[in-house]
Protein chains: 2
Amino acid sequence: MPIPFDVLAEPSRRKILDLLLERPRLVGELTEQLGLSQPGTSKHLRVLREAGLVRVRQDAQRRWYELRPEPLAELDAWLAHYRHLWAGSLDALERHLDAMEDDPR
Amino acid sequence: MPIPFDVLAEPSRRKILDLLLERPRLVGELTEQLGLSQPGTSKHLRVLREAGLVRVRQDAQRRWYELRPEPLAELDAWLAHYRHLWAGSLDALERHLDAMEDDPR
DNA sequence: CGGGTACATTCCCTTGCGGCTATATAACCG
DNA sequence: CGGTTATATAGCCGCAAGGGAATGTACCCG
């Protein structure tokens with residue numbers, strides 16, 4: 001699963017993630033918060049689903065959307081290559097933690 | 001300066017950042033590596049410049065492009081809000097480090 | 001089974017972006 | 001100064017993506 005940069009490039013989709021960070025939400029709730037049409041919201045949710053950033057739990061006619069952080073973890077891993085450029089004095093610690101990730105025990 | 005998600009959404013631009021991670025480069029060099037036209041490369045470089053992700057050092061007719069990691073650091077800060085979702089056992093350590101960032105001494 | 005609710009899908013329109021070609025700009029060299 | 005090198009800008013085209021209205025689908029309730 002590639003890092004979904006293009007999916008995150010959309011402000012409404014990032015706002016959805018921010019809202020789901022607090023708690024799972026229904027589509028209607030998200031629609032209201034976003035100020036979009038319901039179909040518009042559903043479309044974004046589909047993109048987020050296909051990128052693995054959210055998952056759905058069905059409850060009768062309702063759909064609870066919740067966060068799936070895995071793709072964000074991959075983004076984090078990508079960022080790690082650059083992190084030494086600004087992390088400064090924490091470098092050594094971070095290299096140690098990165099090594100642990102590769103070979104945890 | 002907002003986080004340049006849309007700028008990073010473009011594969012060629014991410015490749016430019018990857019190339020600049022090794023060392024500063026000339027436009028011609030980047031053009032060759034990307035397999036784009038020279039104007040195409042310049043256009044991407046302009047976008048990266050305006051997003052603060054690269055800076056230019058002029059040397060006669062040549063322009064050395066180099067990385068400016070600040071916007072990536074902001075992206076890292078955004079990601080931090082989500083990091084506890086996958087970091088698991090390292091939570092406590094990270095919260096400690098985050099606190100240090102806010103109030104280093 | 002009929003109507004209502006909650007959401008997804010389809011269709012259409014418009015805009016923005018990435019790509020290229022052609023051209024401008026600027027600096028070096030002989 | 002004239003030509004060449006290195007890069008930027010302008011102009012144009014095609015496509016994909018976001019937005020809304022209309023419609024489809026699935027489930028509940030009486």
Side-chain angles (χ1 to χ4, degrees), chain A residues 1-68 71 75 78, chain B residues 1-20 22-68 71 75:
Chain A
M1 180 122 43
I3 304 176
F5 286 100
D6 51 333
V7 176
L8 296 174
E10 228 292 319
S12 295
R13 289 198 283 261
R14 288 199 304 277
K15 183 154 185 182
I16 289 176
L17 295 184
D18 283 344
L19 290 168
L20 295 184
L21 184 55
E22 300 177 21
R23 53 184 174 78
R25 312 249 187 179
L26 297 173
V27 178
E29 219 179 325
L30 294 170
T31 297
E32 189 183 351
Q33 296 290 326
L34 294 173
L36 287 184
S37 67
Q38 175 265 314
T41 304
S42 280
K43 215 168 179 182
H44 283 309
L45 287 171
R46 182 209 250 272
V47 175
L48 288 167
R49 243 186 295 130
E50 291 174 349
L53 280 161
V54 302
R55 60 195 300 274
V56 204
R57 204 160 35 85
Q58 190 158 355
D59 163 28
Q61 326 95 309
R62 301 174 171 183
R63 317 277 172 105
W64 291 98
Y65 275 88
E66 53 188 53
L67 218 48
R68 268 204 64 217
L75 171 57
W78 177 81
Chain B
M1 179 121 44
I3 304 175
F5 286 99
D6 52 332
V7 175
L8 297 174
E10 230 290 320
S12 294
R13 288 196 285 260
R14 288 199 302 277
K15 183 153 185 182
I16 289 177
L17 296 184
D18 284 343
L19 290 167
L20 295 185
E22 300 177 20
R23 53 185 173 78
R25 312 248 187 180
L26 297 173
V27 178
E29 218 179 326
L30 294 170
T31 297
E32 189 183 351
Q33 295 290 325
L34 294 173
L36 287 183
S37 66
Q38 175 266 314
T41 304
S42 280
K43 213 168 177 182
H44 284 307
L45 287 171
R46 180 208 252 270
V47 174
L48 288 168
R49 245 185 293 130
E50 289 174 351
L53 280 161
V54 302
R55 60 196 301 274
V56 204
R57 205 160 35 86
Q58 189 159 356
D59 164 27
Q61 330 94 308
R62 301 173 171 185
R63 315 277 172 104
W64 291 97
Y65 276 86
E66 53 188 52
L67 217 47
R68 268 205 63 218
L75 171 58

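Letters A, B, ... are given to chains in the order of the sequence lines, protein chains preceding strands, and every chain is numbered from 1. Please read these numbers as outputs of a predicted model, since none were measured by experiment.
- The side-chain heavy atoms of A:Trp78 and B:Asp18, taken from C-beta on, include a pair separated by under 4.5 Å.
- Applying the 4.0 Å criterion to OP1 and OP2 of C:dC20, one finds that B:Ser37 has a side-chain N or O inside that range.
- Between A:His44 and the phosphate of D:dG19, there is a side-chain N or O to OP1/OP2 separation shorter than 4.0 Å.
- Between the side chains of B:Tyr65 and B:Arg55, no donor-acceptor pair of N or O atoms lies under 3.5 Å.
- In this structure, A:Lys43 atom NZ and D:dA16 atom P are separated by 14 Å, rounded to whole Å.
- Under a 3.5 Å cut-off, the side chain of B:Arg25 and the backbone N or O of B:Leu19 do form a donor-acceptor pair.
- Between A:Phe5 atom CZ and D:dA17 atom C1' the separation is 19 Å, expressed in whole Å.
- For C:dA6, the OP1/OP2 oxygens have no side-chain nitrogen or oxygen of A:Tyr65 closer than 4.0 Å.
- Taking every side-chain heavy atom of A:Ser12 into account, D:dG19 is the closest of C:dG18, D:dG19, C:dT9.
- Between the side chain of A:Arg14 and the backbone N or O of A:Leu8 there is at least one donor-acceptor pair closer than 3.5 Å.
- Between the side chain of A:Arg68 and the backbone N or O of A:Gly52, at least one donor-acceptor pair lies under 3.5 Å.
- No engagement by B:Gly40 is indicated, since no non-hydrogen atom pair under 4.0 Å with the nucleic acid exists.
- Taking atom CZ of residue A:Arg46 and atom P of nucleotide C:dT10, one finds them 7 Å apart after rounding to whole Å.
- D:dC27 atom C1' lies 9 Å from atom CZ of A:Arg63, rounded to whole Å.
- In this model, the phosphate group of D:dG18 is approached by a side-chain N or O of A:Arg13 to a distance below 4.0 Å at OP1 or OP2.
- For A:Gln38 against C:dA6, a side-chain-to-base donor-acceptor contact under 3.5 Å is absent.
- Put simply, CG on B:Leu26 is 16 Å from C1' on C:dA26, counting in whole angstrom units.
- Between the C1' atom of D:dT7 and the CG atom of B:Asp59 lies a distance of 13 Å, rounded to the nearest Å.
- Atoms CD (A:Gln61) and P (D:dA26) sit 13 Å apart, rounded to a whole Å.
- In this structure, B:Ile16 places its CD1 atom 14 Å from C1' of D:dT7, rounding to the nearest Å.
- Across C:dA27, D:dT7, C:dA22, the shortest atom-to-atom separation from the side chain of B:Ala60 is found for C:dA27.
- Here the nucleotide nearest the side chain of B:Val27, chosen from C:dG19, D:dC27, D:dA8, is D:dA8.
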